[in-house]
Protein chains: 2
Amino acid sequence: MNENQLFKPVEQKRVFEDIANQIREAILSKKLKAQDRLPSERELAEQFKVGRLTIREALRTLESKGFVKVKKGSGGGAFVGEGDPGMVASLIIDNLQLEGLTGDQITESRITLECAGIRMAIKNAGMDDLDRVAESIEATREILKPERAGEILAKMVEFHILVAKASHNLPYVLFVRSLMEWGLRMRKNWIPTAEEQAYSYQSHLDIFRSISSKDEKKAMALMEEHIICMGSLGPNSIKM
Amino acid sequence: MNENQLFKPVEQKRVFEDIANQIREAILSKKLKAQDRLPSERELAEQFKVGRLTIREALRTLESKGFVKVKKGSGGGAFVGEGDPGMVASLIIDNLQLEGLTGDQITESRITLECAGIRMAIKNAGMDDLDRVAESIEATREILKPERAGEILAKMVEFHILVAKASHNLPYVLFVRSLMEWGLRMRKNWIPTAEEQAYSYQSHLDIFRSISSKDEKKAMALMEEHIICMGSLGPNSIKM
DNA sequence: AAATGCACTTTGGTCATACCATTCGAAATT
DNA sequence: AATTTCGAATGGTATGACCAAAGTGCATTT
């Protein structure tokens, strides 16, 4: 690392970056709250003394990172966002893929995180959190029919996310969500067999019961086995 | 969730989004490799049959997400990126902050992840990985002087990231990196006392030795204590 | 021959203007 | 009062122009 360099390269800032940063800081420091509406592009252009295009480029970068949402028409404009976990999860996977992510790494980190996360879930979950998991599992049973097989994958993912949410730990939820995002991409159009569906359902149910009864060891063991097993199913088993 | 809807709202796509997605897909599917140069904005405008401005907006979103890097001047243009973990880590924290992240949640997820990660580190680390950690710790000792206190924070963070890298698990490294990013932000301009520095140094050394000798339990226990202790130090201890 | 300096070309950065499409709300109509 | 209509606000796109930076190569100087 070169933090000891005497000279650092001059940062050639672009105007729209500066504007984007000003707005970003205002949002992060809560000077602008969620749902607040920014002035229109034309007004911002006047205020910042730049062209409208420059404002647009700043808003584009902010929008793409979830800081604002842009709406058209009268009463439209840029509105301060509240974060977009889905977008971040997607971006996480995109970037990891650029770095050379493999399916094995996903499975390994899922085991590491989700097993460890069970401890947080058991510690922090309220009745409502567990209820939501139970409901989701119940809803999954309704779907265990050949003609609704297309919906099963989303439900499988939902279980893991709901368990993560039971931890009430935002970073952890986001991480799990991004790991699940990978599975969703790899298995697009994948229709699990009846056996695979039955296994997944039963496995989720067992894990849930262990968590409910606060049997940490058992829940972790079940989760590990479940992730390993699912990791070898479907298109996922083919390494990237 | 409403995946059962009969009709979905017509997706009002913006042209630049479509273009950005086409390029994004090309990059993710490796049709465009890292370092490849895209045609100039003017050429792209011709190819896509749109105005140059539209191309620019597409490139802006791609650039802000790390898919491309843009250089000026002759021989410049948009070049395919290789991912930007630093940017992603920063974005992760930004978004979590928008969702209402607290310092306690960071400490909790750090304990959960970094302790569990020790297992991966012990399992996957090669000699070179351990050497890098040892070097970093050694370099930290050189800095344990009042006049170089400003550099100490970066070194403290480096230790945790190097241990994470020893796991050879890309998602995990990124997650740890983002959690450390939070600490860096909260403690900007924080100068630890001599005692705090000494504690941190000794603590890192102990953890490293436990990992080297593959003493999983001890390493995890030390890491947990270390994270808790550090969590109560500096500006970090003030909740957000 | 090597180093310097200068002009030229390419390419992104910014501005200004114009026009379109959408959206919302107020006015007009029934 | 409900509905329809229309207009103003606002983002989306296109054109054209000019500036600034960065590389290239040639000419000049040493």
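Note that the coordinates shown come from a computational prediction; the quantities given were computed from them, not determined experimentally. Residue numbers start from 1 in every chain, and the chains themselves are labelled A, B, ... in the order their sequence lines are given, proteins ahead of strands. Because only heavy atoms are used, hydrogens play no part in the values below, and waters and symmetry mates are left out as well, while side chains stay in.
Between B:His204 and B:Phe159, the two ring planes are parallel [angle under 30°; tilted spans 30° to 60°].
Residues forming a ring pair (Phe, Tyr, Trp, His ring centres under 6.0 Å) with B:Phe48 (at least two apart in sequence, or on another chain): none. A:Glu114 meets the salt bridge (charged side-chain N to carboxylate O under 4.0 Å, His left out) test with A:Arg110; sequence neighbours excluded. Qualifying salt bridge (charged side-chain N to carboxylate O under 4.0 Å, His left out) partners for A:Arg141, counting only residues two or more places apart in sequence or in other chains: A:Glu138. The salt bridge (charged side-chain N to carboxylate O under 4.0 Å, His left out) check on B:Arg52 picks up B:Glu41, with sequence neighbours excluded. Checked against side chain to side chain donor-acceptor pair (under 3.5 Å), B:Asp84 has no partners two or more places apart in sequence or in another chain.
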Using nucleotides 2-5 of chain D, report all nitrogen or oxygen pairs with the protein that are shorter than 3.5 Å.
none

Can you check nucleotides 25-27 of chain D for protein contacts, nitrogen or oxygen pairs under 3.5 Å, and list what you find?
none

Please list, pair by pair, any protein nitrogen or oxygen found under 3.5 Å from a nitrogen or oxygen in nucleotides 13-17 of chain C.
| from | atom 1 | to | atom 2 | distance (Å) |
| --- | --- | --- | --- | --- |
| C:dG13 | OP1 | A:Arg14 | NH1 | 2.6 |
| C:dG13 | OP2 | B:Arg56 | NH1 | 3.1 |
| C:dG13 | OP2 | B:Arg56 | NH2 | 3.3 |
| C:dG13 | OP2 | B:Arg60 | NH2 | 3.3 |
| C:dG13 | N7 | B:Arg52 | NH2 | 2.9 |
| C:dG13 | O6 | B:Arg52 | NH1 | 3.2 |
| C:dT14 | OP1 | A:Val15 | N | 2.5 |
| C:dC15 | OP2 | A:Gly51 | N | 2.8 |
| C:dC15 | OP2 | A:Thr54 | OG1 | 2.2 |
| C:dC15 | O5' | A:Gly51 | N | 3.4 |

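Of the N and O atoms on the side chains of A:Asp18 and A:Gln22, at least one donor lies less than 3.5 Å from an acceptor on the other residue.
When distances are taken from the side chain of B:Arg37 to each of D:dT10, C:dT11, C:dT10, the shortest belongs to C:dT11.
One interatomic measurement links the two molecules: CG of B:Leu44 to P of C:dT10, which rounds to 17 Å at whole-angstrom precision. Atom pair A:Phe79:CZ and C:dT23:P shows a separation of 13 Å (rounding to whole Å applied). We find that CD1 of B:Ile19 is positioned 11 Å from C1' of D:dT13, with the value rounded to whole Å. Whole-Å rounding puts the A:Lys71 NZ to D:dG12 C1' distance at 17 Å.
If you check residues 20-27 of chain B against DNA chain C, you find no residue with a heavy atom closer than 4.0 Å.
For residues 170-181 of chain A, the set of pairs meeting the side chain to side chain donor-acceptor pair (under 3.5 Å) definition, not counting sequence neighbours, comprises A:Glu181-A:Arg185. The stretch residues 162-176 of chain A participates, sequence neighbours left out, in no salt bridge (charged side-chain N to carboxylate O under 4.0 Å, His left out) pair at all.
Heavy-atom neighbours of A:Lys71 NZ from other residues, nucleotides or ligands within 6.0 Å: at or below the threshold of 12.
Pairing each heavy atom of B:Gly66 with each of B:Met87, the nearest pair is N-SD, 4.3 Å. Minimum interatomic distance between B:Ala164 and B:Val173 (heavy atoms only, all atoms of both residues): O-CG2, 3.5 Å.
In this structure, CD on A:Glu108 lies 11.5 Å from CG on A:Leu179, to the nearest 0.5 angstrom.
Five base pairs at each end of the helix from C:dA1-D:dT30 to C:dT30-D:dA1 define two local axes, and these are offset by 10° (rounded to 10°).
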### Message
What verdict does the side chain to side chain contact (heavy atoms under 4.5 Å, CB included) test give for B:Arg14 and A:Lys72, after you've listed the backbone C-alpha separation in whole Å, the side-chain angles of each residue and the deciding distance to 0.1 Å?
### Response
CA-CA 11 Å; B:Arg14 293 174 288 189; A:Lys72 256 172 93 169; over 6 Å; no
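Between the side chain of A:Thr140 and the backbone N or O of A:Ser136, at least one donor-acceptor pair lies under 3.5 Å.
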